[in-house]
Amino acid sequence: MRFEYAQDSEARSLVALRDSYGLFIGGSFAGGSSVFKTISPASEEVLAEVTHGTTEDVDRAVAAARQAYERVWSTMPGAERGRYLFRIARLLKERAPELSVLETLDSGKPIRQTRDVDLPLAAAHFFYHAGWADKLGYAGFGATPRPLGVAGQVIGWSSPLLMLAWKIAPALACGNTVVLKPAETTPLSALAFAEICQQADLPPGVVNVVTGDGTTGQLVAAHPGLDKVAFTGSAEVGKEIARACALSGKRLTLELGGTAANIVCADANIEAAVEGIITGVFASQGHVCGAGSRLLVQEPILDDLIAALKRRMTTLRLGDPLDSDTDVGAVNSRAQLDKIAELAASGEAEGATRWSAPFALPDRGFWFPPTVFTDVSDTYRIGTEELAGPVLTVAAFHTPEQAVERANSTRYGLSAGIWTQQGPLLGWLASRLRAGVVWANTFNRFDPAAPFGGYRESGFGREGGRHGLEAYLDMPGTGTPDV
Ligand code: NDP
């Protein structure tokens with residue numbers, strides 16, 4: 001019997017949405033000539049109008065960031081910069097209930113993810129980097145490491161506020177100023193963050209937020225007034241940005257997508273592995289860059305594991321993202337839903353077997369049921385292209401060597417997971433996986449002190465930890481190359 005829970009929604013009333021939002025440049029908000037609407041992907045309700053940043057707007061934002069860099073931020077003692085970061089961290093914590101509802105409304109992510117994971121982690125990133133601001137000389141990059149200057153930062157729609165924190169916290173801690181362009185479909189939490197900068201009395205121009213679509217992103221990434229470009233998004237756009245930055249002297253870091261392998265060995269605790277698989281690819285509808293979308297299972301336990309996984313999938317709850325009991329929320333946009341549906345259809349057409357958990361999907365909004373593909377060959381698009389949705393492909397392996405070969409048979413290399421109770425096997429596998437992060441008997445765990453980043457088409461550069469500071473410090477001969 002299926003137990004029906006009473007609805008337990010976080011109050012929408014925690015958020016006071018404005019009808020329209022301007023750009024945040026030089027410490028204040030100002031509207032522009034052109035606007036677009038941001039909607040709730042769960043209901044298609046219009047949430048607000050947001051300004052579309054133009055060439056002139058990006059020029060003004062870069063000029064404001066340059067002025068703040070030269071006059072205030074780069075010369076401010078690290079301890080003082082750290083105090084601003086602490087303030088921002090405290091404000092993020094204080095406003096976490098409101099911000100998590102806002103993020104859920106705009107992105108479709110379940111409130112359990114935004115409230116219990118994204119917001120605490122975003123605040124933790126500011127706390128962590130606040131601690132570094134006056135200790136950069138002890139970070140192993142020389143006695144007096146210097147900032148780079150003005151950073152242009154362009155981010156995507158998966159975990160918008162958390163990705164903002166990953167970008168802005170280290171940049172500011174190291175003495176840089178920033179111009180940030182959030183995704184077109186999830187601009188609201190970045191604009192709320194801009195308000196927090198005002199509340200924290202951050203000097204005007206240290207953080208600038210320019211909203212808009214891909215063309216605004218292009219304007220930011222290609223702006224000649226920048227010293228650094230940091231990008232989180234798809235490999236396709238990452239390559240374009242790399243071309244735009246080539247030979248410009250700008251430092252570049254790219255945090256791109258992935259198709260992470262989640263490897264379950266025959267001795268693994270199946271119950272724990274099933275929970276890890278669910279967390280890895282179905283939580284947040286698979287809208288996580290490191291989502292464990294390729295499950296590799298050792299042959300002897302394949303059938304048992306798939307049966308246990310399907311049983312568990314039928315108990316997931318899909319629906320209102322503001323409901324605390326919801327596991328699977330709305331897909332971020334119609335375009336992303338179409339992409340997921342097209343790739344899923346290609347999986348069937350190529351010969352894989354499709355099974356979706358039996359959910360009634362809401363009438364409005366963008367929804368895709370948690371889905372598993374078995375009988376997947378390494379050459380099928382469904383197993384090789386990043387899908388960023390609640391879709392898992394399953395393949396078997398016999399030997400650890402085969403697991404490594406299948407796991408590495410991708411052009412990406414962001415993250416991977418291993419499930420085994422044997423320490424030596426764990427070490428053997430982990431050292432051979434071409435992935436920036438390898439989780440052991442867990443999945444999708446993040447910590448500000450742990451560097452995160454990719455190999456190959458998953459990008460280069462690290463965010464988080466001591467390594468992440470390197471991306472915002474001027475150290476010839478170290479860090480990511482000038483391109
Ligand atoms: P996109 O690459 O489509 O977009 C990312 C950002 O770039 C958006 O702000 C977008 O604007 C902007 N943009 C689009 N075109 C251009 C362009 N030509 N030049 C400059 N900027 C541009 O990625 P998604 O928004 O679809 O984000 C999801 C992707 O991000 C997935 O691949 C996911 O794996 C990856 N990701 C990686 C992470 C990591 O740490 N490695 C973390 C989280 C996500 P607009 O929104 O208007 O299109």
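Just follow the structure's listing: the first ligand is 1, and inside any ligand the first atom is 1. In this chain, numbering begins with 1 at the start of the sequence shown.
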Exercise for the section: Run the numbers on R381 and E342 for salt bridge (charged side-chain N to carboxylate O under 4.0 Å, His left out), then give the verdict. Expected result: CA-CA 10 Å; R381 286 181 60 213; E342 190 275 322; 3.0 Å; yes
Handout entry: Exercise: do W419 and N262 side chains pair donor with acceptor under 3.5 Å
Key = yes
Completion exercise
ligand 1 to L414, heavy atom cutoff 4.0 Å, flagged ligand atoms 41 (N)
Practice task
Select one of side chain, backbone, both or neither to describe which atoms of D213 lie under 4.0 Å from any atom of ligand 1, heavy atoms only.
Solution key: both
Problem - Heavy-atom pair with the smallest gap, counting every atom of Q153 and I168 - result: OE1-CG1, 3.4 Å
Handout entry: Over 12 foreign heavy atoms within 6.0 Å of CZ, R411
Key = yes
Exercise for the section: Using distance alone, determine whether S458 and ligand 1 share an N or O pair under 3.5 Å. Expected result: no
Practice task
Please check if atom CD in Q198 has more than 12 non-hydrogen atoms from other residues, nucleotides or ligands closer than 6.0 Å.
Solution key: yes
Exercise for the section: Just jot down the ligand 1 atoms closer than 4.0 angstrom to any heavy atom of F452, in number order. Expected result: 40 (O)
Exercise for the section: State, without any angle test, whether T410 and T259 hold a side-chain donor-acceptor pair at a distance under 3.5 Å. Expected result: yes
Practice task
Measure from NZ or CZ of R312 to the centre of the six-membered ring of F282, then state whether that distance is under 6.0 Å and the direction lies within 45° of the axis.
Solution key: no
Problem - Per-atom contacts of ligand 1 with E255, taking only distances under 4.0 Å to non-hydrogen atoms - result: 37 (C), 38 (C), 39 (C), 40 (O), 41 (N)
Handout entry: Residue pair A260 / A291: nearest heavy atoms and the distance that separates them
Key = CB-O, 3.3 Å
Completion exercise
protein heavy-atom neighbour closest to atom 13 (N) of ligand 1 works out as G214 CA, 3.7 Å
Handout entry: For D327, the option from Q285, R112, R317 that meets side chain to side chain donor-acceptor pair (under 3.5 Å)
Key = R112
Fill in the blank from the handout: Between A344 and F373 the two heavy atoms that sit nearest each other are O-CZ, 3.3 Å
Practice task
Before signing off on this row, confirm whether T232 and ligand 1 have an N or O atom pair separated by under 3.5 Å.
Solution key: no
Exercise for the section: Could you tell me which non-hydrogen atom of A330 sits nearest to which non-hydrogen atom of W367, and how far apart they are? Expected result: N-CZ3, 3.5 Å
Fill in the blank from the handout: Note: ligand 1 atoms sitting under 4.0 Å from heavy atoms of F231 are 2 (O), 5 (C), 6 (C), 7 (O)
Exercise for the section: Find all atoms of ligand 1 within a distance of less than 4.0 Å from any non-hydrogen atom belonging to A183, and give their numbers and elements. Expected result: 9 (O), 46 (O)
Practice task
Answer yes or no for A222: is there a heavy-atom contact with ligand 1 below 4.0 Å?
Solution key: no
Completion exercise
Heavy-atom nearest pair, G217 first then V154, reads O-CG2, 4.0 Å
Problem - Closest approach of any protein heavy atom to atom 24 (P) of ligand 1, naming residue and atom - result: W157 NE1, 3.3 Å
Exercise for the section: Mind checking whether E240 contacts ligand 1 via backbone (N, CA, C, O), side chain (CB onward), both or neither, at a 4.0 Å heavy-atom cut-off? Expected result: side chain
Practice task
Among all protein heavy atoms, pick the one closest to atom 10 (C) of ligand 1 and tell me residue, atom and distance.
Solution key: K181 NZ, 3.8 Å
Handout entry: Close-contact set for ligand 1 against M163 heavy atoms, below 4.0 Å
Key = 42 (C), 43 (C)
Practice task
Identify, for atom 35 (C) of ligand 1, the protein heavy atom at the shortest distance, and state residue, atom and that distance.
Solution key: G233 O, 3.3 Å
Handout entry: Interfacing atoms of ligand 1 (cut-off 4.0 Å, heavy-atom, S158)
Key = 43 (C), 44 (C)
Exercise for the section: With salt bridge (charged side-chain N to carboxylate O under 4.0 Å, His left out) as the test, would you mind laying out the steps for E45 and R364 before giving the verdict? Expected result: CA-CA 9 Å; E45 163 206 3; R364 291 186 66 77; over 6 Å; no
Exercise for the section: Flag T185 as yes when one of its N or O atoms lies below 3.5 Å from any N or O atom of ligand 1, and as no otherwise. Expected result: no
Practice task
Give the residue, atom name and distance (to 0.1 Å) of the protein heavy atom nearest atom 31 (C) of ligand 1.
Solution key: E386 OE1, 3.4 Å
Fill in the blank from the handout: Going by the 4.0 angstrom heavy-atom rule, the piece of A388 near ligand 1 is neither
Completion exercise
Of all protein heavy atoms, the one nearest atom 9 (O) of ligand 1 is I155 O, 2.7 Å
Exercise for the section: Say whether E184, considering both its backbone and side-chain N or O atoms, lies within less than 3.5 Å of an N or O atom on ligand 1. Expected result: yes
Practice task
Determine, using ring centers only, whether Y472 and W132 are less than 6.0 Å apart.
Solution key: no
Practice task
Show which atoms of ligand 1 fall inside a sub-4.0 Å distance from at least one heavy-atom site of Q218.
Solution key: 17 (C), 18 (N), 19 (N), 20 (C), 21 (N)
Completion exercise
Any heavy atom of L256 under 4.0 Å from ligand 1? The part involved is backbone
Practice task
Examine ligand 1 and decide if any of its atoms is less than 4.0 Å from a heavy atom belonging to S159.
Solution key: no
Practice task
Could you pull out the closest heavy-atom pair between S158 and V288, with the gap in Å?
Solution key: CB-N, 4.5 Å
Practice task
Report the relative orientation of the aromatic rings in F86 and F127; use parallel for angles under 30°, tilted for 30 to 60°, perpendicular for over 60°.
Solution key: tilted
Fill in the blank from the handout: atom 12 (C) of ligand 1: closest protein heavy atom, distance to 0.1 Å, is V154 CG1, 3.7 Å
Exercise for the section: Considering heavy atoms of the protein only, find what lies nearest to atom 36 (N) of ligand 1 and give residue, atom and distance to 0.1 Å. Expected result: C289 CB, 3.2 Å
Practice task
Say whether E463, considering both its backbone and side-chain N or O atoms, lies within less than 3.5 Å of an N or O atom on ligand 1.
Solution key: no
